[in-house]
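This chain uses plain numbering: 1 for the first residue, then up along the sequence. Just so it is clear, the model here is predicted, and its values are computed rather than measured.
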Amino acid sequence: MLDLIILSLHFFICFLISIAIWCGPKDMDSQSSSTEEAETEPDGLIFIGKEEDIKKSQRITAEINDREIVVFYHEGKFHALDSRCYRKIFACVISDIDGQACIVCPWHKFRITLETGEGLYEGINPLEPSPTPKWQSKGVKQRIHKVTIDNGNVYVSPPDLSVSFDSDYFADKYKNGGELAMGK
């Protein structure tokens with residue numbers, strides 16, 4: 001009986017922890033971060049933050065044109081992507097996949113290149129005599145944003161919304177702090 005009580009208590013605590021993670025602060029990550037309110041410069045670029053600050057934190061979120069983005073600093077380069085795929089990508093791990101820096105979604109294991117926003121999957125060509133898995137592109141899934149460094153400041157170009165990407169759907173769903181319903 002005591003074992004059943006302890007097991008039930010354990011599951012209840014795990015449930016509470018998962019609720020806290022799901023509903024917790026937006027920028028929960030092992031690395032420091034902040035969500036910045038972006039400022040538009042006269043040349044149309046949007047100021048994100050100081051280069052050294054972003055290098056130290058490795059990533060930062062910012063809101064541009066009602067859209068949350070994340071700017072990563074990885075291996076000497078800055079990359080900016082929409083902050084949402086099916087979940088928030090801020091907490092994603094960055095991995096090298098077939099020579100490309102990719103974020104790996106902790107929930108779905110989706111792999112998206114930092115450079116192009118392409119989704120990658122490992123597949124085989126059944127027509128090959130000895131099919132071996134190879135990394136292949138699903139096409140561009142995540143909107144990327146052009147990053148400009150000027151005088152120690154990091155800027156992002158506003159998104160060109162005339163072209164649509166899968167991440168646009170989720171960026172719109174999460175506007176104004178909204179949450180995407182489970183199962184949709």
Would you give me the side-chain donor-acceptor pairs under 3.5 Å for residues 110-119, sequence neighbours excluded?
unit_1	atom_1	unit_2	atom_2	d
Arg111	NH1	Lys109	O	2.8
Thr113	OG1	Thr116	N	3.3
Thr113	OG1	Thr116	OG1	2.5
Thr113	OG1	Gly117	N	3.2
Thr113	OG1	Glu118	N	3.2
Thr116	OG1	Glu118	N	3.3
Thr116	OG1	Glu118	OE1	3.1
Glu118	OE2	Ser137	OG	2.5

Under 30°, 30 to 60°, or over 60°: which ring-plane class applies to Phe47 and Tyr155, parallel, tilted or perpendicular? perpendicular
Would you mind checking if Arg143 and Asp160 are paired as a salt bridge, meaning a charged N to carboxylate O distance below 4.0 Å? no
Is the side chain of Gln142 donor-acceptor paired with the backbone N or O of Leu81 at a distance under 3.5 Å, no angle test? no
Do you know the tightest heavy-atom contact between [X] and [Y]?
X      : Y      : value
Gly44  : Pro158 : O-CD, 3.3 Å
Leu120 : Trp135 : CB-CE3, 4.1 Å
Lys50  : Val154 : C-CG2, 4.4 Å
Ala101 : Ile94  : CB-CG2, 4.5 Å
Ala80  : Val71  : CB-CG2, 4.0 Å

Do Ile144 and Val163 belong to the same hydrophobic cluster, where Ile, Leu, Val, Met, Phe, Trp and Tyr are linked whenever their side-chain heavy atoms lie under 4.5 Å apart, directly or via other members? no
Are Ile149 and Ile46 co-members of a hydrophobic cluster defined by side-chain heavy atoms under 4.5 Å apart? yes
Euclidean distance, [Y] [atom2] relative to [X] [atom1], rounded to 0.5 Å:
X      : Y      : atom1 : atom2 : answer
Tyr73  : Glu52  : OH    : CD    : 8.0 Å
Gln136 : Glu122 : CD    : CD    : 9.5 Å
Ser157 : Lys146 : OG    : NZ    : 5.0 Å

Any side-chain heavy atom of Ile48 sitting closer than 4.5 Å to one from Val147? no
Could you list the residues that satisfy ring-ring contact (aromatic ring centres under 6.0 Å, His included) with Phe165, not counting sequence neighbours? none
Kindly indicate, with the supporting measurements, whether the criterion side-chain contact (heavy atoms from CB on, under 4.5 Å) is fulfilled by Asp53 and Ile60. CA-CA 9 Å; Asp53 294 339; Ile60 187 171; over 6 Å; no
Apply side-chain contact (heavy atoms from CB on, under 4.5 Å) to Phe78 and Lys55, showing your working. CA-CA 9 Å; Phe78 287 91; Lys55 282 181 176 180; 3.9 Å; yes
Atom NZ of Lys138: over 12 foreign heavy atoms under 6.0 Å: yes
Going through the checks in order, is the side-chain contact (heavy atoms from CB on, under 4.5 Å) test met by Asp82 and Arg67? CA-CA 7 Å; Asp82 278 356; Arg67 174 182 222 100; 2.9 Å; yes
Remaining members of Ile124's ILVMFWY cluster at a side-chain heavy-atom cut-off under 4.5 Å? none
